[in-house]
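Written below as structure tokens is the structure these notes are about.
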Amino acid sequence: MDTTKAKIVEIFNSVQGEGKYAGSQQVFVRFAGCNLRCSWCDSSHARDLCAPGLLELSPTQTWAEVERLWRGCHSVSVTGGEPLLQGAFLKEFFSILKVYKVKIYLETNGTLPGALKEVVDDVDIVSMDVKLPSSTGCPAYWQEHVDFIRVAWGKDIFIKTVISKSTTMEDMVKAVEMICQGDPTIPLFLQPNYFEINDGIVDKCREFQQYCVNYLADVRIIPQMHKFMNLR
Ligand code: SF4
């Protein structure tokens with residue numbers, strides 16, 4: 001039964017540019033609205049729930065568009081903004097995806113453990129994007145992140161974070177503590193800021209990697225590939 005409508009920015013077919021499944025073809029469903037305000041948000045159009053041109057779709061309508069674009073994709077990337085803000089919709093939408101055996105890849109800022117709890121049973125992959133305060137100008141959400149990881153236990157989860165010139169080692173140390181409290185076997189992806197790639201940022205990522213591998217099982221440096229390929 002279709003009872004809820006979501007505010008959706010766009011639905012499209014593209015290639016995942018980040019993290020463990022970089023290179024995979026997905027259908028992306030980009031939800032409007034976010035609970036954070038990162039200074040360099042590259043989805044600022046997705047933050048505004050009142051932005052002109054937003055789609056208002058039911059779970060069935062959303063599935064119809066996903067199915068049209070599917071063509072043997074790896075999974076559906078549920079992204080934003082922060083998709084967990086529209087939890088009631090996700091519950092219904094995910095139940096449809098499960099009927100069609102479509103893999104659910106949740107792209108989230110990892111600050112809403114309560115909302116994750118409501119839908120986690122249906123989620124296959126959790127891509128948790130940690131915003132380090134020194135990179136984004138956002139407040140820290142360390143405890144929320146730990147709680148979030150604990151709710152996601154048993155799922156295919158990985159963590160990504162963008163490293164920029166302003167990112168501090170102090171934040172890196174706190175991030176490692178946070179991951180260790182949650183689960184130190186979770187892969188961590190350090191993403192050198194695309195705009196600073198020729199500006200010493202890869203060396204900085206190497207320095208952070210050297211530190212992180214003392215505590216975490218799997219730490220990789222991979223840039224946001226979609227930016228190099230001019231993909232959405
Ligand atoms: S969490 Fe993502 S969508 Fe939200 S403000 Fe930060 S970068 Fe933008």
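Atoms within each ligand, like the ligands themselves, are counted from 1 in listed order. Note that the structure is a prediction, hence the values are computed from the model and not measured.
At a cut-off of 2.8 Å, Cys34 coordinates atom 4 (Fe) of ligand 1 through an N, O or S atom.
For Lys160 and Glu107, the salt-bridge test passes: some basic side-chain N is under 4.0 Å from an acidic carboxylate O.
Comparing Cys38, Gly81, Pro83 against atom 6 (Fe) of ligand 1, the shortest heavy-atom distance belongs to Cys38.
Ring geometry for Phe31 versus Phe89: interplanar angle over 60°, hence perpendicular rather than tilted (30 to 60°). Using cut-offs of 30° and 60° on the angle between ring planes, the pair Tyr211 and Tyr215 is tilted.
Less than 4.0 angstrom separates some heavy atom of Leu36 from each of these atoms of ligand 1: 1 (S), 5 (S).
Distances shorter than 4.0 angstrom occur between a heavy atom of Lys131 and an atom of ligand 1.
Other residues, nucleotides and ligands contribute only 12 or fewer heavy atoms inside 6.0 Å of the CZ atom of Arg206.
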